[in-house]
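Please read all numbers here as calculations on a predicted model, not as lab measurements. We use all heavy atoms of the structure for the numbers below, so side chains are in, but hydrogens, waters and symmetry mates are not. The chains referred to below are lettered A, B, ... by the order of the sequence lines, with proteins before strands, and numbering in each begins at 1.
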Amino acid sequence: MKLPEAANFIEQIINEELEAGKFESRGNKLQVRFPPEPNGYPHIGHVKAMCINFGVKEKYGAKLNLRMDDTNPAKEDYEYVNSIIDAIKWLGFEYDKLVFASDYYDRLYEIAEKYIKDGVAYVCDLSAAEITATRGTLTEAGTPSPYRERSAEENLKLFREMKAGVYPDGAKVLRAKIDMSSPNLNMRDPVIYRIAHVTHYRTGDKWCIYPMYDFAHPVSDAIEGITHSLCSLEFENHRPLYNWFVEKAGFPEPRPRQIEFARLNISNTLMSKRYLKKLVDEGVVRGWDDPRMPTIAGIKNRGVPPEALKKFCADVGVAKAYSVVNQAQLDSCIRDELNADAERAMAVINPLKLTITNYSGEEELLFDKNPAKENCGVRNIKFTGSVYIDKDDFSLNPPPKYKRLQKGGTVRLKGAYIVRCDEVKLDKNGEAEELLCTYFPETRSGSTAESQIKAKGVIQWVDAKYGVDAEFRQYESLLTDEKYPDQDYAERINYNSEKCFKGKAEPYLYESENGKAFQLMRTGYYKKSQDGGLLLSEIVSLKDNFNK
RNA sequence: UGGGGUGUCGCCAAGCGGUAAGGCACGGGAUUUUGAUUCCCGCAUUCGUAGGUUCAAAUCCUGCCACCCCAGCCA
């Protein structure tokens with residue numbers, strides 16, 4: 001994986017350190033980590049973090065640990081660690097080691113005792129509410145805890161009792177003794193350990209005290225010999241604390257360095273594990289891998305190739321400015337990959353019978369599997385003169401510049417013949433029910449014969465006898481009740497499959513920037529999903545319209 | 001009103017004192033049996049803003065302005 005080009009600011013930092021000889025003591029070997037918390041399925045935002053970290057690995061020949069940041073047993077589970085591993089594999093990334101923060105619980109505990117012995121940590125009996133109340137505000141200093149000056153001996157005794165399960169949840173915490181009047185609230189004696197009598201998915205009931213992120217993360221980095229700890233912007237304020245914990249733990253130079261970058265946001269796309277989990281829990285979607293979800297599993301189920309996601313991240317770049325990338329940018333990457341890769345097929349969503357009155361018998365027509373690729377091979381499609389076309393490809397009241405079929409007009413059935421619509425049978429609602437057409441033998445696809453007959457448009461079709469019915473999965477909009485607004489023909493879709501389809505489908509719905517819903521279908525190239533549904537190329541948007 | 005960050009085309013984003021890359025989107029044209037693809041061409045005299053330094057500034061200095069993050073015993 002190429003590091004996104006725009007990750008220049010990270011590379012600059014690393015290059016400068018390298019030049020200054022910061023890592024000579026370790027043979028200039030760098031080490032990074034990808035540290036998700038296994039509390040949900042990874043989403044496309046994680047892909048960016050992966051691309052950055054795996055990009056550094058690639059560029060500098062660094063080692064990369066996949067580390068499950070599992071320090072909050074209440075939320076974590078193996079299901080999620082598996083989802084993370086699956087996602088990484090699917091994307092084609094390779095990590096050097098799989099590690100767990102929970103692997104370090106013993107070591108972390110020892111370091112906490114060291115803090116106590118060194119007089120930089122203390123056991124505090126204040127309640128959570130009291131700690132909040134004494135932390136001060138953005139403009140006022142906090143007030144020191146009355147337990148702040150306990151002796152090392154007493155602290156050690158108390159802390160060991162906490163570990164032994166003597167106290168109930170919330171009764172005591174271990175706190176770092178830093179500076180209650182620091183302008184950086186994170187430095188106002190943050191909690192290092194809390195009591196939680198919760199079964200951990202890996203360590204079971206061995207522990208009833210669990211380390212906090214602010215402590216566990218930097219120390220885990222140091223334990224692993226991480227040189228660069230890349231994380232998102234919201235941790236900038238934590239960096240002094242990060243450094244404090246590593247330094248007080250006594251790790252020698254070179255110590256890990258935290259570098260922050262802006263996380264990924266995509267327009268109209270919900271990118272918060274918390275809300276995604278809510279959708280799953282409330283049954284709004286079928287699961288974390290529902291194709292409407294922006295999770296990697298969901299995107300995969302929509303037929304998006306992993307390369308498209310990587311290209312997207314590379315295109316979008318890495319910087320520190322808060323940003324929201326247009327979905328169109330992602331769509332473009334997906335189209336790009338599928339165009340080069342996906343085999344083509346014809347599909348009809350809303351069938352309209354088209355009968356050629358002067359055709360008899362049947363024949364086989366050849367189609368390139370993928371015109372965008374050389375030596376893509378061909379597929380044969382049978383043609384009997386009786387086909388279905390899409391209702392959208394015929395108009396009783398054609399607008400100006402209409403290129404498809406209308407009464408008395410001509411159109412080319414893709415890969416077959418030009419046909420002229422002679423007669424339109426209407427149903428009782430006045431809608432077209434069947435088209436009776438004449439075909440022109442000399443216009444057969446590939447024929448070099450001259451013909452006076454021309455057609456402006458080319459439409460897809462499915463043979464009435466040999467076409468295959470396909471099960472189209474229908475999705476309800478997650479966004480709004482407004483369905484089926486006007487759709488331009490340019491939004492026509494091409495499905496990809498070995499076979500032809502006919503059938504019906506309700507398209508995805510999508511929320512536009514003006515809040516109106518429109519169909520998700522676009523011209524493009526689509527792959528078939530693993531569960532047989534047809535896939536569309538867009539990230540479905542989830543409107544943030546439920547209670548928070 | 002404390003601290004930490006960020007502001008370059010509609011959306012991302014390069015740029016690091018020498019006279020504004022690229023992608024997406026968009027517009028125009030050519031080819032085309034997918035209104036797709038491909039292919040050309042166009043798209044910031046200007047870098048949040050006001051000053052200053054300099055032969056020369058998006059890049060350095062100063063003052064403003066805007067937005068984001070921080071008061072979980074979440075990560």
Run the salt-bridge test on [X] and [Y] with the 4.0 Å N-O cut-off and return the result as yes or no.
{"X": "Arg67(A)", "Y": "Glu224(A)", "value": "yes"}
{"X": "Arg239(A)", "Y": "Glu260(A)", "value": "yes"}
{"X": "Lys382(A)", "Y": "Asp463(A)", "value": "no"}

Using a cut-off of less than 4.0 Å, is there contact between a side-chain N or O of [X] and OP1 or OP2 of [N]?
{"X": "Arg135(A)", "N": "G72(B)", "answer": "yes"}
{"X": "Thr71(A)", "N": "C74(B)", "answer": "no"}
{"X": "Asn8(A)", "N": "G15(B)", "answer": "yes"}
{"X": "Arg274(A)", "N": "C74(B)", "answer": "no"}
{"X": "Thr137(A)", "N": "G2(B)", "answer": "no"}

Notebook entry, point to check: When all nucleic acid strands are considered with a 4.0 Å heavy-atom cut-off, which category describes Ser232(A): base, sugar-phosphate, or nothing?
Noted result: nothing
Item checked: Residues forming a salt bridge (Lys or Arg N to Asp or Glu O under 4.0 Å) with Asp70(A), sequence neighbours excluded -> none
Next item on the list: Go through the structure and list residues passing salt bridge (Lys or Arg N to Asp or Glu O under 4.0 Å) with Glu37(A), not counting sequence neighbours.
Entry: none
For [N] versus [M], give the span between their [atom1] atoms, rounded off to a whole number of Å.
{"N": "U1(B)", "M": "A20(B)", "atom1": "C1'", "answer": "38 Å"}
{"N": "C65(B)", "M": "A71(B)", "atom1": "C1'", "answer": "26 Å"}
{"N": "C24(B)", "M": "C60(B)", "atom1": "P", "answer": "30 Å"}
{"N": "A44(B)", "M": "C12(B)", "atom1": "C1'", "answer": "15 Å"}
{"N": "C69(B)", "M": "A50(B)", "atom1": "C1'", "answer": "27 Å"}
{"N": "A57(B)", "M": "U46(B)", "atom1": "P", "answer": "14 Å"}
{"N": "C67(B)", "M": "U45(B)", "atom1": "C1'", "answer": "28 Å"}

Return the nucleotide paired to [N]: Watson-Crick means purine N1 to pyrimidine N3 with N6-O4 or O6-N4, wobble means G-U with N1-O2 and O6-N3, both under 3.5 Å.
{"N": "U33(B)", "result": "none"}
{"N": "G2(B)", "result": "C70(B)"}
{"N": "C64(B)", "result": "G48(B)"}

In whole angstroms, how far is the [atom2] atom of [N] from the [atom1] atom of [X]?
{"X": "Asp189(A)", "N": "A71(B)", "atom1": "CG", "atom2": "P", "result": "16 Å"}
{"X": "Asn265(A)", "N": "C24(B)", "atom1": "CG", "atom2": "P", "result": "21 Å"}
{"X": "Asn186(A)", "N": "G4(B)", "atom1": "CG", "atom2": "C1'", "result": "10 Å"}
{"X": "Leu185(A)", "N": "C74(B)", "atom1": "CG", "atom2": "P", "result": "17 Å"}
{"X": "His217(A)", "N": "G72(B)", "atom1": "NE2", "atom2": "C1'", "result": "18 Å"}
{"X": "Glu234(A)", "N": "G4(B)", "atom1": "CD", "atom2": "C1'", "result": "13 Å"}

Of the nucleotides [options], which has the atom closest to the [X] side chain?
{"X": "Lys414(A)", "options": "C73(B), C12(B), U33(B)", "result": "U33(B)"}
{"X": "Gln329(A)", "options": "A25(B), C73(B), C11(B)", "result": "C11(B)"}
{"X": "Met212(A)", "options": "A75(B), U33(B), G10(B)", "result": "A75(B)"}
{"X": "Asp315(A)", "options": "C74(B), G23(B), C70(B)", "result": "G23(B)"}
{"X": "Ala321(A)", "options": "C73(B), A75(B), U6(B)", "result": "U6(B)"}
{"X": "Arg194(A)", "options": "C74(B), A71(B), U6(B)", "result": "C74(B)"}

Margin query: Quick check: on RNA chain B, is the nucleotide nearest Asp336(A) upstream (toward 5') of the one nearest Pro183(A), or the reverse? Name the residue that is more 5'.
Written below: Pro183(A)
Notebook entry, point to check: If you find the nucleotide of RNA chain B closest to Ala171(A) and the one closest to Leu413(A), which residue's nucleotide is nearer the 5' end?
Noted result: Leu413(A)
Checklist line | hbond_proxy Ser445(A) side chain to U33(B) base (donor-acceptor, 3.5 Å cutoff) | finding: yes
Next item on the list: Please check if the distance between the ring centroids of Phe9(A) and Phe261(A) is under 6.0 Å.
Entry: no
Check: Looking at the rings of Tyr213(A) and His217(A), which for Trp means the six-membered one, are their centres under 6.0 Å apart?
Finding: yes
